[in-house]
Amino acid sequence: MNAPFKLRPYQQEAVDATLSHFRKSDESAVIVLPTGAGKSLVIAELARLARRKILVLTHVKELVEQNHAKYQSYGLEGGIFSAGLKRKENQHQVTFASVQSVAANLDQFRDEYSLVIIDECHRVSGEETSQYQRIIELLRQQNDAFKVLGLTATPYRLAMGWIYRYHYRGFIRGSGEEQDKPFQHCIYELPLSYMINRGYLTRPELVNAAVAQYDFSALAQDRFGEYAEKDVNQLLGKHKRVTRAIIEQVVELAADRKGVMIFAATVEHAREITGYLPEHETALVTGATDSKERDLLIQRFKQRQLKYLVNVSVLTTGFDAPHVDFIAILRPTQSVSLYQQIVGRGLRLDEGKRDCLVIDYAGNRVNLHHPEVGEPKPNPDSEPVQVFCPGCGFANIFWGKTDSEGRVIEHYGRRCQGLLEPAQGEEPAGQSGRPQQCDYRFRFKECPHCGGENDIAARNCGHCHQAIIDPDDQLRDALKLKDAMVIRCAGMTLGVGGGKLRITYHGEDGEELSESFDFTKPAQRAVFNKLFGRRFANSQAPKEFKKVDAVLEMQTLLPAPDFVIARKQKHYWQVQERIFDYQGNYRKANER
């Protein structure tokens with residue numbers, strides 16, 4: 001049967017990439033398409049091409065219904081398994097289901113399925129006890145060649161970072177060592193800017209708030225980057241005038257807009273906002289809103305009987321109202337994924353719609369087009385920086401800092417994310433024929449047994465497999481000794497005399513430790529280069545220094561260790577250990 005829709009070129013490419021990947025591998029895969037790119041059409045086409053039983057999972061009934069409707073428009077019959085839709089059909093070749101309903105009825109899914117497609121797959125965690133993982137494990141027991149495909153606009157989770165490991169353009173995601181990711185491969189990705197520039201999505205008009213904003217920066221965040229409702233309400237309670245001023249501006253700017261969505265921080269906040277809006281034009285939807293009432297309010301909004309829709313965390317996915325042309329964000333979030341989902345509600349095309357006004361009143365500072373690096377910011381001053389690998393030349397994107405001329409002065413990358421191409425005629429090395437990650441490390445822990453470089457969190461050497469001394473143990477043991485000195489190094493200065501390079505380490509409380517390297521002796525020169533030359537310029541440009549003068553000329557780019565440990569000799573302190581790239585329980589210099 002021919003498809004009633006002609007797929008857009010990128011949709012066809014996504015389908016082709018899926019078929020190509022699963023012909024040669026059973027490893028899980030992700031397709032990344034922006035909100036509004038028509039993921040349901042890609043799903044429908046893949047389901048149409050399937051010859052065996054498949055399951056299409058998502059987390060809200062609206063998406064179950066939407067994906068099922070697209071499939072049925074092909075003239076094909078699919079089942080729905082969703083308590084929210086009051087249907088529990090599992091006898092069809094293709095079943096569209098909510099993850100909650102399947103997880104609650106696992107005994108009804110003991111047939112052999114060939115594929116599960118997960119829409120909004122950034123919601124899949126790596127935890128084995130999660131609903132998604134329990135379903136996947138059950139289906140894998142019925143079929144060794146069972147395949148898992150995810151689709152999302154935002155392939156990252158706040159506490160995890162990227163949800164996949166290998167990218168088809170030849171790089172790896174994640175700054176540390178092998179991490180558990182819900183998916184192995186990203187097999188196709190389309191940036192938001194592509195969709196906007198080619199007219200597939202509406203252009204967002206990102207405007208800075210012209211009135212007072214909320215300042216949530218003082219509030220404590222949990223590990224997911226979110227804030228306690230009590231804390232948020234307490235802060236907002238002190239800023240009633242700010243909320244009123246914001247909503248007055250929203251109403252003023254909405255004069256020539258068709259549909260306005262307002263994202264509130266808490267239920268209490270949403271009620272306050274609603275109180276400032278014209279009653280007959282406004283609806284409030286929260287997680288506690290009765291489902292029938294919610295459906296009715298949403299329907300009235302879609303039919304433009306209501307102009308303002310205020311909500312709290314319930315309309316970020318699976319909600320489609322193309323006429324929305326104004327998004328007001330009054331809630332804080334550190335989640336790039338959530339932020340993109342919120343803005344995505346206003347980017348669908350609609351007749352006569354020129355753009356979508358987006359105003360962030362919560363100071364979230366999220367870059368809509370570039371989702372940063374998929375990992376939490378190490379500190380508020382961080383920005384994405386490009387760092388070339390001295391080993392393979394790959395252009396990594398890490399969090400870092402730049403100077404006034406845009407040069408990278410610091411970055412937080414640990415290992416190159418490039419994937420090495422196998423030599424001509426060679427099979428890809430590594431587990432399951434996967435390409436190998438470049439082993440160049442910008443930050444590393446050296447094995448005392450073999451000298452091999454390891455991740456800074458490694459417990460055992462990846463080369464000789466011997467145990468590596470934990471820096472915390474080193475510091476703890478040294479602090480117990482009467483004849484040892486440990487300083488938190490706040491910086492170092494260099495001096496020269498008689499061919500010797502003298503380094504003085506300065507502790508944050510004024511302590512000093514010194515050591516010298518005689519550059520006329522190859523062995524001492526080699527030790528200096530191994531410690532400092534290898535780490536020169538954040539390890540972006542390792543150098544082998546032959547002369548002291550060359551070191552002095554470039555001393556600003558030499559790294560200082562985080563801690564220095566010395567032992568007392570008769571009349572002086574002898575430096576024994578320098579701990580670089582420290583991550584542990586002890587505070588580093590100038591940290592509070």
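We number each residue from 1, following the sequence as shown. Just so you know, these numbers come straight off a predicted model, no measurement behind them.
- Residue Val385 comes nearest to Lys401 through the heavy atom pair CG1-N, 4.1 Å, listed as atom of the first residue, atom of the second, then distance.
- In summary, Arg415 and Asp455 do not engage in a salt bridge, as defined by a charged side-chain N under 4.0 Å from a carboxylate O.
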Hey, mind stepping through Tyr200 and Arg198 against side chain to side chain donor-acceptor pair (under 3.5 Å) and telling me if it holds? CA-CA 6 Å; Tyr200 291 127; Arg198 283 161 180 74; over 6 Å; no
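- The residue from Arg441, Lys530, Arg534 that alone fulfils the salt bridge (Lys or Arg N to Asp or Glu O under 4.0 Å) condition with Glu446 is Lys530.
- Contact of the Gln341 side chain with the Glu120 side chain is registered, since non-hydrogen atoms from C-beta on lie closer than 4.5 Å.
- Although no hydrogens or angles enter the test, the distance criterion places a donor-acceptor pair under 3.5 Å between the side chain of Lys445 and the main chain of Ala458.
- Under the 3.5 Å distance criterion, the side-chain polar atoms of Arg165 are matched with a main-chain donor or acceptor of Arg173.
- Phe442 meets the ring-ring contact (aromatic ring centres under 6.0 Å, His included) test with Phe398, His411, Tyr440; sequence neighbours excluded.
- Shown here is Ile469, whose CD1 atom has no more than 12 heavy atoms of other residues, nucleotides or ligands within 6.0 Å.
- Contact check for Asn105 versus Asn90: no side-chain heavy atoms found under the 4.5 Å cut-off.
- Between the Thr58 side chain and the Ser98 main chain, no donor and acceptor come within less than 3.5 Å of each other.
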Verdict with reasoning, Cys121 to Leu151, per side chain to side chain contact (heavy atoms under 4.5 Å, CB included): CA-CA 6 Å; Cys121 69; Leu151 289 94; 5.6 Å; no
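- To the nearest 0.5 Å, atoms CZ (Phe171) and CG (Leu419) are separated by 8.5 Å.
- Side chain of Gln100 to backbone of His59: a donor-acceptor contact under 3.5 angstrom is found.
- Between the side chain of Asn311 and the backbone N or O of Val285 there is no donor-acceptor pair closer than 3.5 Å.
- Formation of a donor-acceptor pair under 3.5 Å by the Lys61 side chain with backbone atoms of Ser82 is not found in this model.
- Using a distance-only test at 3.5 Å, with no hydrogens or angles considered, no donor-acceptor pair links the side chain of Arg476 to the main chain of Gln474.
- The main-chain N or O of Leu420 is never found under 3.5 Å from a side-chain atom of Gln437 such that the two would form a donor-acceptor pair.
- Considering all non-hydrogen atoms of both residues, Cys356 and Thr202 come closest at N-CG2, 3.7 Å.
- Residues passing the side chain to side chain contact (heavy atoms under 4.5 Å, CB included) test with Asn197, sequence neighbours excluded: Ser193.
- The shortest side-chain heavy-atom distance between Arg443 and Phe580 does not fall under the 4.5 Å cut-off.
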Between Cys438 and Phe394, is the side chain to side chain contact (heavy atoms under 4.5 Å, CB included) condition met? List the steps. CA-CA 9 Å; Cys438 173; Phe394 179 73; over 6 Å; no
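- Here the straight-line distance linking atom NZ of Lys39 with atom CD1 of Ile117 works out to 13.0 Å at 0.5 Å rounding.
- Shown here is Asp144, whose CG atom has no more than 12 heavy atoms of other residues, nucleotides or ligands within 6.0 Å.
- Between Gln133 and Glu127 the shortest side-chain heavy-atom distance does not fall below 4.5 Å.
- Taking every heavy atom of both residues into account, Ala37 and Gln11 meet most closely at O-NE2, 3.0 Å.
- Counting heavy atoms from C-beta on, the side chains of His21 and Thr18 never come closer than 4.5 Å.
- Here the CG atom belonging to Leu106 is positioned 9.0 Å from the CD atom belonging to Gln131, to the nearest 0.5 angstrom.
- No side-chain heavy atom of Leu349 sits under 4.5 Å from any side-chain heavy atom of Pro322.
- When every heavy atom of Ser539 is checked against every heavy atom of Phe444, the shortest pair comes out as OG-CE2, 4.4 Å.
- The nearest pair of heavy atoms linking Thr35 to Gly344 is CG2-O, 3.7 Å.
- Taken from CZ in Phe146 to CG in Leu115, the straight-line distance is 7.0 Å, to the nearest 0.5 Å.
- Each of Gln142, Gln91, Lys53 was evaluated against Asp111; a single residue qualifies, Lys53, per the side chain to side chain donor-acceptor pair (under 3.5 Å) test.
- Residues Glu383 and Thr402 bring a donor and an acceptor atom of their side chains to less than 3.5 Å of each other.
- Looking at every heavy atom in both residues, Asn454 comes nearest to Cys447 through ND2-CB, 3.9 Å.
- Using a distance-only test at 3.5 Å, with no hydrogens or angles considered, no donor-acceptor pair links the side chain of Asp26 to the main chain of Lys147.
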Check step by step if side chain to side chain contact (heavy atoms under 4.5 Å, CB included) holds for Phe81 and Leu55. CA-CA 10 Å; Phe81 199 95; Leu55 182 63; over 6 Å; no
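- Here the side chains of Pro384 and Trp399 are in contact, with some heavy-atom distance below 4.5 Å.
- Put simply, CD1 on Ile80 and CG on Asn67 are 10.0 Å apart, with the number rounded to the nearest 0.5 Å.
- The line from CD1 of Ile118 to OG1 of Thr152 is 11.0 Å long, rounded to the nearest 0.5 Å.
- A 4.5 Å side-chain heavy-atom check between Arg87 and Phe96 finds every atom pair outside the cut-off.
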Applying side chain to side chain contact (heavy atoms under 4.5 Å, CB included) to Leu33 and Tyr10, what does each step give before you reach the verdict? CA-CA 9 Å; Leu33 292 173; Tyr10 66 82; 4.0 Å; yes
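- Residues satisfying the ring-ring contact (aromatic ring centres under 6.0 Å, His included) criterion with Tyr582, sequence neighbours excluded, are Phe563.
- Using a 4.0 Å cut-off between charged side-chain N and carboxylate O, Glu45 and Arg48 make a salt bridge.
- Here the side chain of His465 pairs no donor or acceptor atom with the backbone of Asn460 at under 3.5 angstrom.
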